[in-house]
Each structure stands twice: as C-alpha cells, then as structure tokens.
Amino acid sequence: MPFKQPKKVDKLHPESYESKWQEKWQKEKVYQPDIKKAPKPFYNLMMFPYPSAEGLHVGNMYAFTGADIYGRFMRMKGLGVFEPIGLDGFGIHSENYAIKIGKHPAQQAKVSQQNFYRQLTSIGNGFAWESKLETYDPAYYKWTQWIFIQLFKRGLAYRKKSPVNFCPSCKTVLSDEQVIEGRCERCKSVVEKREMEQWYFRITAYADRLLKDLETLNWTNKVKVAQRNWIGKTEGLLEDWQIDGMDVKLTTFTTWPHTSWGSTFIVISPEHPIISTLVKGTSYEKGAKEFCKIVISENKKDPQAAIKDKKGYFIGRFAINHLTGWKMKIFIANFAVMEFGTGIVKCNPAHDQKDFEFAKKYDLPIVPVIVPKDGKPLDPKKLDHAYIGEGVMEKAGEFTGMPTEKAKGLIADYIINKGNGKKTVTMHLRDWCISRQRYWGPPIPMIYCDACKKWYPVAEEDLPVKLPFIKNYQPTGTGKAPLAQDPDFYHVKCPHCGGQARRETDVSDTFLDSAWYQFRYPSTRCAASGQVPWDPEITKKWLPVNIYIGGAEHSVLHLLYSRFITMVFHDMGLLDFDEPFTRFYAHGLIIAEGAKMSKSRGNVIIPDSYIKKYGADTLRTYLMFLGPFDHGGDFRDTGIAGMYKFLSRVWRLANSVILNPDTIGTKNLKNTKAMHRCIKEVTEDLENLRYNTAIAHIMEYVNQLTENNPPADGQITEKHIKSLLLLLAPFAPHMTEELWQEIQLTVNSKQKTEKEVFNSIHKYPWPSYDEKFLVEDQTIIVVQINGRLRDSFSIQSPKAALQEEVEKKAKSSAKVQKHLEGKTIRKTVFVPGKLINFVV
RNA sequence: GCCUAGGUGGCGGAAUUGGUAGACGCGCUAGCUUUAGGAGCUAGUGCUUGCAAAAGCUUGGGAGUUCGAGUCUCCCCCUAGGCACCA
C-alpha cells in the first residue's frame, strides 16, 4: 500500500487534545498514588511558587517541567511517585502585589490561587492534585503556629531587643538572610538598623549540626558551599592586650596569631562601648565622640565608604604588645566591624593589606615578621603592599626560622600558655529574626500579660489564631503591625492569671510557612494525629523527600531554615531522621533573548501564550532542550518554533503508522539497533537529569526512522514507534498519550468500549534495551601518523581487534602510504577497535 | 580579597577510562514544492588557502607530560554566582 499523508495530521494541534488529557488524567487519578499503600514510594518535590504578580513565568515552568520529567520517568520505572504542588501564598511577596494593585491580600489570594492552579494544570505536570495545600489556609497555618509554640516551649524561640534590619519601604524587620548587600531582598531598598524587640529562633544552637550534616547530603555542591559560607564558622584566637597605665584589657580576635610579633597598633570599631571608658576625662574624649558619630553615619549611608577611605582617630592610649613589649597606639577606625570577632583588631601592617594602608596613612611602624618563600626578607621601607603569603618567621623570638604553617599553631599555644589568649570559634550565622510587622502572615501565637510580666503561648487547642479580615491591612511603618489597630484581635485574657492581656500582633516570617510544608503534603487528606501536623505512619512511608528540585537562590534561606526545623522535630522525637531532603538538585535560570528576565526590562515571559500557540508539550520539550538543566538557558522565539517542527515530525511519523498499518513491518535491523541504542542513552540521561542530551538522542532516533521518506513498507515496526512514544512521554505527555491511545485502537484493532480500563502511556513500563543489538558488526578504525588523523576505514568487528589485520589494511591505504613514503616507522600504537597510530 | 562553577563554530550546546572535536538543534546558503504567506522536503555549512584534489589551523592565553590532550599538571586572563570593612 502506498504511503499517504492526510492533510489533517501534518502538524501538532495541541488545542484539540491537551486539555482533554489533563481532565482525563485527573479523573482517572493517574498521578495520585495510594498514599497509604503505594509499594515503592518516591517523593518527588519541587519548590512551591509564591502566587504573587501576574502569574507563573517561564522560569517557574522550567523548574516544574524539569522536576516533572524526573517524576514521570520514575513512575514509568514502576515507583509510586508522589508529586504534590501548592502555594506559598502568605507573605510579603503576595501582600506587596495585592497592595500594588489596590486589593485586599485575602481577596487577591483567591484570584491568584485560581490563576496559578489553572496555569499549573496547563503545563501538563503529573501533580497529585488531591494533596495540594496553601500556606494561608487556616488548616495549614494552625500548624505553623503550633511549631512556633513548640520552639518556644523548648527555649528555641525567644524575644530580644537588638539592632534589627528594617526595610523602610516594606515597613517591617527582615532576617539577616533577607538582606542582600545591605538591601532588602524584595524591594532593594537600603535597609536601616533599628533597635527593636523581636522574636528570634535559636538557629545558632544548631550551627554545628547544620554544618556537619552537609557532608552527608547529596546536594548540588554550590548550595552546600553557600550554606557553609553563610554559617561561616571561623576558628581563631582571642588575645588580651594590657592598656598602658590603666587596669583595662582589650580583647582582639585573629586567625593569624603568629603575626602578633609584628603587631604595632590596635583599632577599635566606632560602635564599641569600651571607647567611652578609654577616653573618659581625657582631652581626646570630645574628639573621639565626634569621630564615632561621623563614621557611624557614613558607614550607614554608604557601606562601601570604609573601603574607599580608611579613617582613624588616635585616642591617646597605648596597649602593650605581650610578645615584644612595644607600646602600640590605639585608634578608633572606620574599617573595624562591631559584628565580627570582638570589634577590636590587632594590626600587623606588614602582613595585612588594610592594616598596611592604615599604617601608611598615619605613619605607623611596619615590622615584617614573615620572610617570603623566596628567602628575601621584606624591607619595610620599600614595601608597597602587605605580604599575605606563607613563609618563615623572623623577629619572632624562639620561633624565628620556623615555617609559618607550623608557627601559627605553636605561637597560639604559646600565647595561651602565657595567659594572654584563648581559642575561640566565631559564626557568621545569627539567630533567625521571625517577627514581621505586616498583615499577611500567620499571627504569632503568643500572649503577653502585664500583670504576670510574662509571655504565654496560646493553648494548643485554641489554634489556629485566625488572621482577622481587617480593612487597614497596610503596613504602618511605626514598628507596629497592622493587627495592632484591631482591639478585637489583641484583647485577650491571660492564660495564666485570667487578667487583661495582649496578643502578639506581629506575624511570622514567610520562610517559617515553607520550612515544613514537605511534611504536610502527604498528610493533607488524612487527619493529622491531633498531636502533630502529620500522620506518623504516612510520614514514615514518604519522608525524607527523595529528590527536591528548586532554585539555588534559596541556598541560605528556605533550605537552611527547613533543615533547622526538621532537626528540631527530630529532637522532639517526632521524626526519625533530621534532614528533610536527601537529594537537592538546583536547576539553572532562564534568560530571555540574551538578557536577564525582569519586570523593569519588560521581558518576563509568561508561558500562557506559548502554550496556546504551540502547546505545553512543545514548550516543555523546548525548555529542556535549551541546555543542561542545572545551567538554564536562553529563551528565543525561533528556538521554540524549531521544537514545534520536531514534535510535528514525530506526530506525522506516528500517524503514518496509525493510518497505514500496512507500512508496519517486522524487519529493519538498522532501525531496531537505533531503537535499542536510543533506549539505553535516554535512560542513562534521564537518570542523571541530562534532559538536553536525552532529547538529542530521541532526535537522532527519529532521523534514523525517517531516513527513507516516505517510509518504505515494512521498515518500521509497532515497537519502533511505541518505544519512541514511551521515551518522549516524560517530555511531551499530551501528544504521546494521544498517539498511544490511537495506536492501541487502530493498530491493535481493538474496539473502543465504555467499560475499557484506561491504560495511560504514563503508567506503562519504561522500555528496556537488549545489549545484543548494541554491538556493531562493522567498526571504524582511525589511522593516525604521529597522532594526526590521516585516514579511516571500517572493518568487520572481530577483525578490528587484531593488530595484524588492522595494520595490513591501514598500510594498504593510498593516503597513508603517501604520508609514510620515505619514512621509517619507529613505533606502532594499536588500540583494539579504535585506532592505529604510526610514529615516524 | 576568599570560595564555587565555567570559558568549545554565527548562536545554544555534544564529546566513556586521554583515542575521529563540533553530536543534536537554531541560524544561514542553494534547490524543489506551494496561488501567496507560513510550512514542508533535499543538499550544504568550524576557520584559512585553493577551480578542484588537497593542505594548514582550531576547544580563553602560555608552558609541560604523552605516540596522541577539550580532557591530565603548572602559570596567567576572562565570565557568572556566593561571601566579605571578616582581622
């Protein structure tokens, strides 16, 4: 029968089947595992979106598609895949958007929810829709509040008055993690320091564990590195310096104890309280005060000021160098940071660039104590920058001549033994400031009683503390949350004495909402036990999460907080593991037409119009083909058209088989070999989330199948086509389902009946390959002369392993002979089945 | 400054343990097809020289190890991300 190509099938027409299958999948619960009984549970989690702004953008879709493909692959490999989705809808992101468009956050949430769920359906992910959750649902945040209470009861939530980060635009305090280069991570306003009393979570108590466990986690390395940097554990030495003529000691922190032999002055942070003691009643008092005032305000205005210009003020005092006996001038200096170490620094200008610049400016002694590795001692008069490398000690008493690597520890011990120091560890990590003076979040479930002068948690049976619907939800900027204007909300009785008490009116940070959602998903449809937010049996079955896919921008926020909260649950005896995500994979970022996507540039790509034009399958496959999943890629309109073309080719190929069963044959070894190779390669690629190369291999396979166009009768088997569809199914779930069902009906000549069980392609077993088809009977041998390619030929595979045969054939080549002419072969390198190299 | 990834055609990107660099796709060129547009099909496409056959060059730069280096070693440059007045 001649090949015919009916017009109506020459292109994809996603609008006719994508939503049809989405509905069918949902109706048939194709992606809803049996939470209680699924035999091989596989928890495939992706970071749930903030439903702010106009909707899902193509970056979200990139992440979700990549995660979904892995889930679909695992499902076809026979695992009980659980792939839930929800909305991280509480918090500043959503609230700011609501304010911007003049809507009440609670009302906007409903609109956003509908829009996001519509979009999330349209991208064709295999979500377990029955397990969705929203963080602003009282049934959810009841437990967020419960968590706060548990931490309070264990002494891990506490109040403290200290300088906090305050964003003047968002009108709330922020955690350290939400301040990027001195600016608010959301609105980029310069963050102010304010002295306020706030609730904190004692995450620092877990610093060592958070650090140590990293080694055991299968996470994208850069995220582990970022967490390690953020925790910022530094081991060093605290060193005491006696002040000349005063019974006061200054304590400094250093990681280079051996350079104390060359310490010639000391600087103090202008914020340090000890300054007033040192200058009290001296002629330097007034000047010091003024200097501090100026420098503090300069640093606040421009955090980079001190880098540009180092400034100091001599306060008329000297400290004694406990190693050398030198009198060292003491300065207040703008580059000394109160938050790091002790806020006081011993300075060794020969071996620290900052100290060097300062010493030059104020004409302070520069004494090198390290001879560089080249053996030439440094001449302080000729130095134009500090020497910060390793070397050998000089002018260091009994340590002179010792390599610095060794001296570092020994000199530290020496200082400690003389009573002038002790070992210490500093951390960059600070406790997590959890209070927010905003409206759209879970009210912190605490009550303050004036009579008892004490904070009490809300009784657990009274949870949730519902967020009331109030008209004045806008942030106030006064340091009080909007709820503080609602007496009905905050007037409560003291749980202890029954007297008039006041509810906390701040809400908790959004990152608390998302720190525990992975535990809630599997249990959303089961009543929690009453004691904990999940069903313990179900949690045991599904957690920890098998693979978590999301953006690396959450390295030190969500991913750190979530680990911390999990450790607390573990310590409470509620979980038998203490890491929530055994594997975390950070996907890359999508840029558009070569530029970063941003609202201000106006190049944010919303997937909807592309889905409408090309279908979700095309967009999904295109996004995955852009580049390695952990690199991201550049979204271009011409590229997506190319993918539409490719899928249309697959569409035509499969349809040619459906419509012309006669073209299906049983024998074409070339095609069968290509199929087995393709199955092997795609399987290995998917196991490693190498989606771009998996698609390339499918393309090669399609190129092979369509080598003869139109295909000759009998060249393509049903299995060739079915394997193609199965391999493509995770990428293009709708069109493969459509074609699969068609083939089942047409090729197998089955009659469609109403009662027939729906056998989705997405539950069909992943195809397997047979090694015997991977063996090629012809092998290509490369002939090199002095390592340069001169010729190649193919030879029967068994013979390709015999040097004698290969050498004979190689030497018979005219091209090779030309290059060998008049030369003697000095050596022959033979790699069986690969190449032969003549060295002349 | 420190830490972590990277640097391959016009572009996105492929390359097992060192063994044919440039898979796959985009773009481009020519031809066919279509009323036209779009689309489709066929062929070509790293660079230089050459009518051609062919030769030379080529994985950020430089050195080294090797019969043979994108891959290994050393030095340098650049880009992206993280941390940073960090002692």
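Residue numbers start from 1 in every chain, and the chains themselves are labelled A, B, ... in the order their sequence lines are given, proteins ahead of strands. Side chains are part of it too, since the values below use all heavy atoms of this structure and drop only hydrogens, waters and symmetry mates. In this text, all values refer to a predicted model and were calculated from it rather than measured experimentally.
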- For A:V267, the side-chain contact (heavy atoms from CB on, under 4.5 Å) test, sequence neighbours excluded, returns A:F265, A:F331, A:A333, A:F335, A:A336, A:V345, A:C347, A:F358

- Residues in side-chain contact (heavy atoms from CB on, under 4.5 Å) contact with A:T204, at least two apart in sequence or another chain: A:R202, A:L429, A:D431

- Message: Counting distance alone, no hydrogens or angles: does the base of B:G1 have a donor or acceptor under 3.5 Å from a partner atom on the side chain of A:Q353?
- Response: no

- Is there a donor N/O on one and an acceptor N/O on the other, under 3.5 Å, for the side chain of A:N837 and the base of B:C67? yes

- With RNA chain B as reference, determine whether A:N229 or A:A696 sits nearer its 5' end, using the nearest nucleotide of each. A:A696

- Query: Starting at the 5' end of RNA chain B and moving along, which residue's nearest nucleotide shows up first, A:M643 or A:T255?
  - Reply: A:M643

- Looking only at B:G25, B:A87, B:A84, the nucleotide nearest the A:W230 side chain is B:A84

- Look at the side chain of A:M699 and decide which nucleotide, out of B:G19, B:U4, B:C24, has an atom nearest to it. B:C24

- Query: Any salt bridge (charged side-chain N to carboxylate O under 4.0 Å, His left out) pairs touching residues 331-347 of chain A, not counting sequence neighbours?
  - Reply: A:E239-A:K346

- Query: With sequence neighbours left out, which residue pairs that include part of residues 692-704 of chain A fulfil the salt bridge (charged side-chain N to carboxylate O under 4.0 Å, His left out) condition?
  - Reply: none

[atom1] gap between [N] and [M], integer Å:
N	M	atom1	answer
B:A21	B:C76	C1'	25 Å
B:C28	B:G64	C1'	41 Å
B:A23	B:C74	P	32 Å
B:G13	B:G25	C1'	9 Å
B:U42	B:U34	C1'	16 Å
B:C72	B:U66	C1'	10 Å
B:G7	B:U58	C1'	15 Å
B:G37	B:G50	C1'	41 Å

Rounded distance (Å) that lies between atom [atom2] of [N] and atom [atom1] of [X]:
X	N	atom1	atom2	value
A:R788	B:A55	CZ	P	10 Å
A:R677	B:C24	CZ	P	12 Å
A:I640	B:G27	CD1	C1'	17 Å
A:I781	B:U20	CD1	P	12 Å
A:M338	B:A87	CE	C1'	14 Å
A:K613	B:A39	NZ	P	10 Å
A:N221	B:A5	CG	P	6 Å
A:L647	B:C24	CG	P	17 Å

- Note on the structure: Applying the Watson-Crick and G-U criteria (both distances under 3.5 angstrom) with [ ] for crossing and | for other-strand pairs, one obtains for RNA chain B (((((((..(((......[....)))((((((.......))))))((((....))))..(((((..]....))))))))))))....

- Message: When you measure from the side-chain N and O atoms of A:K222 to the phosphate of B:G82, is any distance below 4.0 Å, counting only OP1 and OP2?
- Response: no

- Message: B:G25, OP1 or OP2 - any side-chain N/O from A:N703 closer than 4.0 Å?
- Response: yes

- Query: Is B:G9 in the syn range, within 90° of 0, or in the anti range?
  - Reply: syn

Got [X] and [Y] here, is their nearest side-chain heavy-atom distance under 4.5 Å?
X	Y	value
A:D355	A:L364	no
A:Q784	A:L835	yes
A:H587	A:I549	yes

NA contact type, [X], heavy-atom cut-off 4.0 Å: base, sugar-phosphate, or nothing?
X	value
A:R228	nothing
A:V839	sugar-phosphate
A:V829	base
A:I698	nothing
A:E700	sugar-phosphate
A:N348	nothing
A:H428	sugar-phosphate
A:A552	nothing

- A:F629 vs A:Y585 aromatic rings, parallel, tilted or perpendicular, using cut-offs 30° and 60°? parallel

- Give the ring-plane orientation class for A:F291 versus A:Y313, where under 30° counts as parallel, over 60° as perpendicular and anything between as tilted. parallel

- Item | Any donor-acceptor N/O pair, A:H428 side chain to A:K233 backbone, under 3.5 Å | no

Taking only N/O atoms, report every protein-nucleotides 9-16 of chain B pair under 3.5 Å with atom names and distance.
{"from": "B:G12", "atom 1": "O2'", "to": "A:L626", "atom 2": "O", "distance (Å)": "2.4"}
{"from": "B:G13", "atom 1": "O3'", "to": "A:N692", "atom 2": "ND2", "distance (Å)": "3.4"}
{"from": "B:A14", "atom 1": "OP1", "to": "A:N692", "atom 2": "ND2", "distance (Å)": "3.3"}

- Check the pair A:T828, A:I825 against side chain to side chain contact (heavy atoms under 4.5 Å, CB included), reporting the backbone distance first and the verdict last. CA-CA 7 Å; A:T828 304; A:I825 296 170; 3.5 Å; yes

- In terms of side-chain geometry, is the basic nitrogen of A:K680 or A:E771 positioned less than 4.0 Å from the acidic oxygen of its partner? no

